[in-house]
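Heads up: the structure comes next, in structure tokens.
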Amino acid sequence: MLRNNPGKLKESQRRRGLDPKIVDRARLYDELWRRKLSELNELRHAHNVITREIGRIKDSTLRSKRIEEAKALLHKIKALEDEVERYKALRDKLLLSIPNVVHETVPEGEGEEDNVPVYFYGKPKVWRGYLDKFLLQVNEANIDYEVVERRPLSHYEMGYTLGLIDTERASKVAGSRFYYLLEDLVWLELALILYALDYLSRKGFIIIEPPFMMRRRPYEGVTSLSDFEDAIYKVEDEDLYLIATSEHPIAAMYMNEVIPKGELPLRYAGISPCFRKEAGAHGKDTKGIFRVHQFNKVEQFVFSLPEDSWKLHEELLNNAVELWKGLGIPFRIVNVCTGDLGVVAAKKYDLEAWMPGQGRFREVVSCSNCTDYQSYRLNIRYAKARGLPAEGYVHTLNSTAIATSRAITAILENYQTEDGCIEIPRVLRKYLELFPKAPKEYICPKDRGKE
RNA sequence: GCCGCGGUCGCCUAGCCUGGUUAGGGCGGAGGGUUGCUAACCCUCUGGGGGAAACCCCACGUGGGUUCAAAUCCCACCCGCGGCGCCA
């Protein structure tokens, strides 16, 4: 890309509001690196020739003369090696700092507020007090909604009323942004996980539980360094990091491998806890379980041929859409703009659920096509058949199916009944039937049974 | 955690003790030849990088070291297997 199509890289940099000159500098270092590498190879060749000769020489004076020659060459080689290494490092540092090339359908913009809504679903319940705020967010789109007079409780008020979320004791034990989830909400979480895995496995996804920790090297392949330092927990005294999502260990699974074309696309449905530092989010969503350091998530992940990835991107979005329609929660899809896209993705959709208690659409799903950004760094390629030379880098895609803490938040805010209970979405009920102590239709405060 | 053994070009394997022609062989795969067709057989290719090409360099788990020269000798680490210890 750097050599064949620098113009495209520059255009992408410009659209992201970054400096296109970085591309030129990278090209310069690449050129220098190549030139010096050729010189180095010539020197090494000369050295190899002498070295081979020494092995054959019997005469000791001639022999020691040759050894001196070889030694002299070694000094030059060492110096040149350092130079080559330096140029390569300079080039790679620049190259790795360049974010993924944005797709042409990504809107230009600076931040969250420039994301473009492309789809609405459901009939949001809007409290009169949030009506102006709501209308602003739907941006003149003609959508059906219902005005309610009573203010819906936020999910943390609801969790507190039900007595099924305990963030106070969690902060005593683990700090802020942790939680104890109890009883019916644990059942609800398990049902959500089973619902997502059931759906995806029927769609041909391979369900998978990955390692919850990984080494630094593979980790740097799947994410940008800035995300890495801000978001990821390290295990003390070990080269191990807690995963921020199962996307990461699944992507790294095929590191340094060549996948036969016939096996692609490979669809995985990962289930794992996710650990995130949430550094730099001070003051945001401090109450409840919307933004936390640890949650469980079912994730869609796909390795594909480059020519198929845009079609698969829509497929992943569609799966998320169907899952959330199934839950009966109103939402919108936004096409995430260049300023909010992140380094790894070429294009990203967010699915934002309507939260009646907050009067806002909030992100519950993020669906990205990372094209060859991860596969290049992880060296994951494809070939016609096993054993044949690789033809190129695969594309990787990922999308949330269901992140439990956010899905529970959405359910707590959207399914409130008049009498202070939570109705359980119908699609989840069959996953609760089996268990005598699991809630069936409603989750109610302990002192007010409803079933 | 300790002790022992091992890791070679997609897979299997030789080479390591005793440093020195080009890491040899088998399997699998791709292309071609022969053939009425298939099988068998024969030839070429089958790790990464630089180069328009000829060609050259790098690669024997990873990283260092010794040496003119390391798959081979030394050190550290990683992974696997076996034994001991510990343990949900």
Stacked cation flag A:R202 on A:Y199, 6.0 angstrom / 45 deg:
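Here A:R202 fails the 6.0 Å and 45° test against A:Y199.
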NZ or CZ of A:K234 within 45° of A:Y241 ring axis and under 6.0 Å:
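Yes, cation above the ring, under 6.0 Å and within 45°.
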Please name all residues satisfying side chain to side chain contact (heavy atoms under 4.5 Å, CB included) with A:L28, sequence neighbours left out, ordered by chain then number.
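For A:L28, the residues satisfying side chain to side chain contact (heavy atoms under 4.5 Å, CB included) (neighbours in sequence not counted) are A:L32.
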Taking side chain to side chain contact (heavy atoms under 4.5 Å, CB included) as the definition, give me every residue that meets it alongside A:D308, ordered by chain and number, with sequence neighbours left out.
A:S304, A:L305, A:K311, A:L312
Quick one: list whatever passes side chain to side chain donor-acceptor pair (under 3.5 Å) with A:R15, sequence neighbours left out.
none
Length of the [atom1]-[atom2] vector between [X] and [N], whole Å:
X: A:Y376; N: B:G48; atom1: OH; atom2: P; value: 15 Å
X: A:N256; N: B:G10; atom1: CG; atom2: P; value: 12 Å
X: A:E257; N: B:G48; atom1: CD; atom2: P; value: 15 Å
X: A:K88; N: B:G50; atom1: NZ; atom2: P; value: 9 Å
X: A:Y382; N: B:G10; atom1: OH; atom2: C1'; value: 19 Å
X: A:R381; N: B:G49; atom1: CZ; atom2: P; value: 7 Å
X: A:E391; N: B:U46; atom1: CD; atom2: C1'; value: 14 Å

For A:F178, does the CZ atom sit with more than 12 other heavy atoms under 6.0 Å from it, leaving out its own atoms?
yes
Can you confirm whether more than 12 heavy atoms, excluding those of A:R217, are under 6.0 Å from its CZ atom?
no
Got a list of protein N/O to nucleotides 58-62 of chain B N/O distances below 3.5 Å?
| unit_1 | atom_1 | unit_2 | atom_2 | d |
| --- | --- | --- | --- | --- |
| B:C58 | OP2 | A:N48 | ND2 | 3.2 |

Can you give me every donor-acceptor pair (side chain of residues 76-91 of chain A, partner residue at least two apart or in another chain, under 3.5 Å) with its distance?
| unit_1 | atom_1 | unit_2 | atom_2 | d |
| --- | --- | --- | --- | --- |
| A:E81 | OE2 | A:R44 | NH1 | 2.7 |
| A:R91 | NH1 | A:D30 | OD1 | 2.8 |

A:H155 vs A:F290 aromatic rings, parallel, tilted or perpendicular, using cut-offs 30° and 60°?
tilted
Can you classify the ring geometry of A:Y233 versus A:H293 as parallel (below 30°), tilted (30 to 60°) or perpendicular (above 60°)?
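Rings of A:Y233 and A:H293: perpendicular, over 60°.
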Tell me whether the centres of the aromatic rings in A:F303 and A:H395 are closer together than 6.0 Å.
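For A:F303 and A:H395, the ring centres are not under 6.0 Å apart.
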With rounding to the closest Å, how many angstrom separate the [atom1] atoms on [N] and [M]?
N: B:U46; M: B:C81; atom1: P; answer: 34 Å
N: B:U66; M: B:U72; atom1: C1'; answer: 13 Å
N: B:U13; M: B:C57; atom1: P; answer: 31 Å
N: B:G33; M: B:A39; atom1: C1'; answer: 16 Å
N: B:U22; M: B:C55; atom1: C1'; answer: 15 Å
N: B:C78; M: B:G19; atom1: C1'; answer: 26 Å
N: B:C11; M: B:G28; atom1: C1'; answer: 7 Å

So what's the dot-bracket for RNA chain B: Watson-Crick or G-U pairs under 3.5 Å, [ ] if a pair crosses, | if it pairs off-strand?
((((((((.[[[[.)....(...]]]]((((((.......))))))((((....))))..[[[[[..)....]]]]])))))))....
Have A:Y442 and A:K440 got a donor and an acceptor in their side chains that come within less than 3.5 Å?
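Looking only at side-chain atoms, A:K440 and A:Y442 do not form any donor-acceptor pair under 3.5 Å.
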Which residues satisfy the salt bridge (Lys or Arg N to Asp or Glu O under 4.0 Å) test with A:R267, sequence neighbours excluded?
A:E315
Non-neighbouring partners of A:E299 that pass salt bridge (Lys or Arg N to Asp or Glu O under 4.0 Å), sequence neighbours left out
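A:E299 satisfies salt bridge (Lys or Arg N to Asp or Glu O under 4.0 Å) with A:K297 once adjacent residues are dropped.
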Between protein and nucleotides 63-72 of chain B, what N or O pairs are separated by less than 3.5 Å?
| unit_1 | atom_1 | unit_2 | atom_2 | d |
| --- | --- | --- | --- | --- |
| B:C68 | OP1 | A:K71 | NZ | 3.2 |
| B:C68 | O2' | A:H47 | NE2 | 3.1 |
| B:C68 | O2' | A:T51 | OG1 | 3.4 |

Apply side chain to side chain donor-acceptor pair (under 3.5 Å) to residues A:Q374 and A:T396 and explain how you reach the verdict.
CA-CA 7 Å; A:Q374 294 177 319; A:T396 59; 2.6 Å; yes
Counting only N and O atoms by type, is there a donor-acceptor contact under 3.5 Å from the side chain of A:D350 to the main-chain atoms of A:E352?
no
Under 4.0 Å from any atom of RNA chain B, heavy atoms only: list the residues of residues 29-38 of chain A that qualify, in numerical order.
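Of all residues in residues 29-38 of chain A, the ones placing a heavy atom under 4.0 Å from RNA chain B are A:W33, A:R34, A:L37, A:S38.
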Sequence neighbours left out, cut at 3.5 Å: what donor-acceptor pairs do the side chains of residues 428-438 of chain A make with other protein atoms?
| unit_1 | atom_1 | unit_2 | atom_2 | d |
| --- | --- | --- | --- | --- |
| A:R429 | NE | A:I424 | O | 2.9 |
| A:R429 | NH2 | A:E423 | OE2 | 3.2 |
| A:R429 | NH2 | A:I424 | O | 2.8 |
| A:Y431 | OH | A:D198 | OD2 | 2.5 |

Please compare A:R91 and A:E42 by the position of their nearest nucleotide in RNA chain B and report the one closer to 5'.
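Checking each residue's closest nucleotide, the 5'-ward one belongs to A:R91.
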I'd like a list of close polar pairs between nucleotides 86-88 of chain B and the protein, N/O only, cut-off under 3.5 Å.
none

